[in-house]
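For reference, the structure discussed in these notes is given below.
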Amino acid sequence: MRICIYGAGAIGGYMGAKLAMAGADVSLVARGPHLAAMQAHGLTLIEGDTRQTVPVRAAEDPAELGVQDYVIITLKAHSVPGVVDRMQALLGPETTVVMGVNGVPWWYFYKLPGPYENHRLPSVDPGDVQWRGIGPERVLGCVVYPAAEVPEPGVIQHIEGNRFSLGEPSGEKTTRAERLSKALGAVGLKAPVRPAIRNEIWVKLWGNLSFNPISALTGATLDVLCTDPGTRAVARGMMVEAQQIAEAVGVKFPIDVDRRIQGGAEVGAHKTSMLQDLERGRPMEIDALVTAVQEMGRLVGVPTPTIDTVLALIQLRGRTAGCYGA
Ligand SMILES: NC(=O)C1=CN([C@@H]2O[C@H](COP(=O)(O)OP(=O)(O)OC[C@H]3O[C@@H](n4cnc5c(N)ncnc54)[C@H](OP(=O)(O)O)[C@@H]3O)[C@@H](O)[C@H]2O)C=CC1
Ligand SMILES: CC(C)(CO)C(=O)C(=O)O
């Protein structure tokens with residue numbers, strides 16, 4: 001089984017290292033000093049007290065890697081449209097593409113029974129570039145739970161978690177999903193196949209939608225922003241609006257808003273990825289995490305006053321910092 005990880009940074013590097021250490025046929029697409037370090041010295045994974053280095057097949061140009069059975073995309077959401085052309089070298093008629101990316105996925109409405117079936121989301125897929133160039137029929141949905149970082153080029157620091165939930169947009173149990181689940185399970189990752197992956201996408205998104213921009217606007221860590229009465233109320237307001245939107249498109253939440261905020265508080269003094277990106281002057285994942293939810297609200301007719309306010313603030317914050325927009 002040939003697996004290529006496209007965007008082998010923190011999350012893709014973690015997954016890639018686990019696969020490579022177990023002898024799987026895995027290759028990595030990366031760039032810059034991180035790619036150069038992996039090519040020269042291999043990929044190092046630090047997990048707890050263990051530090052292991054493994055040789056990996058890594059390239060910037062996917063054409064060097066050939067057609068794959070699975071392409072696992074672990075880029076930031078805003079980076080995916082720009083690589084669709086290059087990715088074609090990895091895609092054959094049977095290739096499955098796993099979207100290991102936070103936020104509302106561009107394929108969201110594919111095979112979703114109801115009035116919005118096959119609706120497109122310009123905020124995450126401008127010009128339908130992914131819909132046309134990857135194709136929703138190739139897609140296996142994924143919710144990424146582990147936390148990881150790249151402390152220096154060629155090195156992945158695993159922080160916590162090992163679950164990558166998988167699910168077909170149609171909810172069907174398929175051989176391609178089961179095969180990947182087994183392959184990831186065999187290397188020490190958890191990859192359950194879910195019958196309703198969108199439910200899980202929203203539970204994760206609840207936090208990213210609200211905690212991430214609030215942390216970037218305030219500089220606060222999760223423990224603080226989830227317990228400060230003012231920011232907690234803002235997060236709660238965003239999440240309640242999001243719940244109304246999600247339920248309007250058939251999502252069922254297994255927990256309530258307050259339990260989800262409590263979960264965020266329990267993560268502790270952790271900076272969200274959006275705050276980290278802002279501090280490092282890197283592009284922020286605003287559109288997949290927040291703008292797309294506003295767009296879905298407009299689509300289903302749910303007002304989003306709290307989301308609109310926070311989105312306006314974080315977009316301007318991102319622009320003034322050179323981390324968002326043109
Ligand atoms: N890190 C985490 O703990 C978690 C992340 N996620 C989600 O997972 C996804 C991936 O995040 P994460 O792993 O942190 O991101 P990273 O930025 O660490 O990884 C993405 C990698 O792709 C590389 N890349 C970008 N564009 C290209 C390109 N055109 N060609 C080749 N390589 C490219 C980046 O290089 P460069 O650095 O040069 O841009 C980087 O090494 C995001 O959606 C994130 O929100 C979800 C849960 C936790
Ligand atoms: C820390 C957490 C869970 C916040 O929602 C996250 O996923 C992120 O930082 O992107």
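Taking the side-chain contact (heavy atoms from CB on, under 4.5 Å) definition, one finds that Pro305 meets it with Glu241, Pro303, sequence neighbours left out. Residues satisfying the side-chain hydrogen bond (donor to acceptor under 3.5 Å, both in side chains) criterion with Asp128, sequence neighbours excluded, are Arg120.
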Working for side chain to side chain contact (heavy atoms under 4.5 Å, CB included), residues Ile314 and Leu311: CA-CA 5 Å; Ile314 193 64; Leu311 177 58; 4.3 Å; yes

Test side chain to side chain contact (heavy atoms under 4.5 Å, CB included) applied to Met296 and Val300, step by step: CA-CA 6 Å; Met296 284 178 72; Val300 301; 5.7 Å; no

Audit row: Thr174, Glu168, side chain to side chain donor-acceptor pair (under 3.5 Å) steps and yes/no: CA-CA 8 Å; Thr174 56; Glu168 291 285 351; 2.6 Å; yes

Worked verdict on Val290 versus Ile307 for side chain to side chain contact (heavy atoms under 4.5 Å, CB included): CA-CA 7 Å; Val290 193; Ile307 291 173; 4.1 Å; yes

Met15 and Leu184: CA distance, side-chain angles, deciding distance, side chain to side chain contact (heavy atoms under 4.5 Å, CB included) verdict: CA-CA 8 Å; Met15 198 187 244; Leu184 296 179; 4.1 Å; yes

Verdict with reasoning, Arg298 to Thr304, per side chain to side chain donor-acceptor pair (under 3.5 Å): CA-CA 8 Å; Arg298 303 278 188 277; Thr304 54; 3.2 Å; yes

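In this structure a side-chain-to-backbone donor-acceptor pair under 3.5 Å is missing from Asp277 to Arg282. A donor-acceptor pair under 3.5 Å is formed between the side chain of Arg138 and the backbone N or O of Ile134. Under a 3.5 Å cut-off, the side chain of Thr95 and the backbone N or O of Gln68 do form a donor-acceptor pair. Looking at His34, its side chain does come within 3.5 Å of a backbone N or O of Gly154 through a donor-acceptor pair. For the pair Thr231 (side chain) and Leu225 (backbone), a donor-acceptor distance under 3.5 Å is present. With hydrogens and angles ignored, the 3.5 Å screen pairs no side-chain donor or acceptor of Asn102 with any backbone N or O of Leu289. Between the side chain of Asp125 and the backbone N or O of Trp131, at least one donor-acceptor pair lies under 3.5 Å. Under the 3.5 Å distance criterion, the side-chain polar atoms of Thr96 are left unmatched by any main-chain donor or acceptor of Arg176. The backbone N or O of Val124 sits less than 3.5 Å from a side-chain atom of Gln130, completing a donor-acceptor pair. Side chain of Asp69 to backbone of Arg2: a donor-acceptor contact under 3.5 angstrom is found.
Note on ring orientation: taking the six-membered ring where Trp is involved, the planes of Tyr14 and His158 are parallel (angle under 30°, cut-offs 30° and 60°).
Atom CD of Glu178 and atom NZ of Lys173 lie 5.0 Å apart (nearest 0.5 Å). Rounding to the nearest 0.5 Å gives a distance of 9.5 Å between CZ of Arg280 and CG of Leu275. Note that CD1 of Ile201 and CG of Asn208 are 11.5 Å apart. Values are rounded to the nearest 0.5 Å. If you take SG on Cys142 and CE on Met99, they are separated by 9.5 Å, rounding to the nearest 0.5 Å. Taking NE2 of His119 as the start and CG of Leu112 as the end, the distance is 11.5 Å to the nearest 0.5 Å. Taking CZ of Phe164 as the start and OG of Ser181 as the end, the distance is 12.5 Å to the nearest 0.5 Å.
Checked by atom type, the side-chain pair Ser215/Thr272 shows a donor-acceptor distance below 3.5 Å.
Linking ILVMFWY residues whenever their side-chain heavy atoms come closer than 4.5 Å, directly or via other members, leaves Val293 and Leu316 in distinct clusters. The hydrophobic clustering, which links ILVMFWY residues whose side-chain heavy atoms are closer than 4.5 Å, places Ile159 and Leu222 apart. Connection of Ile73 to Leu35 is not established within any shared hydrophobic cluster, with ILVMFWY side chains joined at heavy-atom distances below 4.5 Å, either directly or through further cluster members. Placement of Leu140 and Ile197 in two distinct hydrophobic clusters is found when ILVMFWY residues are connected by side-chain heavy-atom separations under 4.5 Å, directly or transitively. Tracing side-chain contacts under 4.5 Å through hydrophobic residues (I, L, V, M, F, W, Y), one reaches Ile72 starting from Met21; they form part of the same cluster.
Here the shortest heavy-atom pairing between Pro151 and Glu149 reads CD-O, 3.3 Å. The shortest non-hydrogen separation linking Gln243 to Val257 is OE1-CG2, 3.5 Å. Nearest heavy-atom pair, Ala89 versus Ala63, reported as atom, atom and distance to 0.1 Å: CB-CA, 3.6 Å. Across all non-hydrogen atoms, the minimal contact from Ile156 to Gly9 is CD1-O, 3.2 Å. Looking at every heavy atom in both residues, Thr227 comes nearest to Ala265 through CG2-CB, 4.2 Å. Residues Arg132 and Gly127 share a closest heavy-atom pair of NH2-O, 2.7 Å.
If you look at Phe211 and Trp206, their ring centroids are not closer than 6.0 Å.
Sorted by first then second residue, the salt bridge (charged side-chain N to carboxylate O under 4.0 Å, His left out) pairs that include residues 196-211, not counting sequence neighbours, are Arg163-Glu200, Arg194-Glu200.
Between Arg57 and Leu28, every side-chain heavy-atom pair lies at or beyond the 4.5 Å cut-off. Side-chain contact between Leu65 and Leu90 is present, with at least one heavy-atom pair separated by less than 4.5 Å. For the pair Trp106 and Pro136, the minimum side-chain heavy-atom distance is below 4.5 Å. At least one side-chain heavy atom of Leu45 sits less than 4.5 Å from a side-chain heavy atom of Lys18. Using a 4.5 Å cut-off on side-chain heavy atoms (C-beta onward), Tyr70 and Cys4 make no contact. For the pair Val71/Val98, no side-chain contact is recorded, criterion being any heavy-atom separation below 4.5 Å from C-beta on. Contact annotation: the side chain of Ile46 approaches that of Val155 to within less than 4.5 Å [non-hydrogen atoms, C-beta and beyond]. Between Leu180 and Leu166 there is a side-chain heavy-atom pair separated by less than 4.5 Å.
Using a cut-off of 4.0 Å between Lys/Arg side-chain N and Asp/Glu carboxylate O, Asp287 and Lys76 are scored as not salt-bridged.
Other residues, nucleotides and ligands contribute at most 12 non-hydrogen atoms within 6.0 Å of the CD atom of Gln52. More than 12 heavy atoms of other residues, nucleotides or ligands lie within 6.0 Å of CD in Gln88, so this atom counts as buried by the packing criterion. Taking a 6.0 Å sphere around NZ of Lys271, one finds it holds 12 or fewer heavy atoms contributed by other residues, nucleotides or ligands.
For the pairing with Tyr324, the side-chain hydrogen bond (donor to acceptor under 3.5 Å, both in side chains) check across Glu285, Arg319, Gln315, His78 returns one residue only, Gln315.
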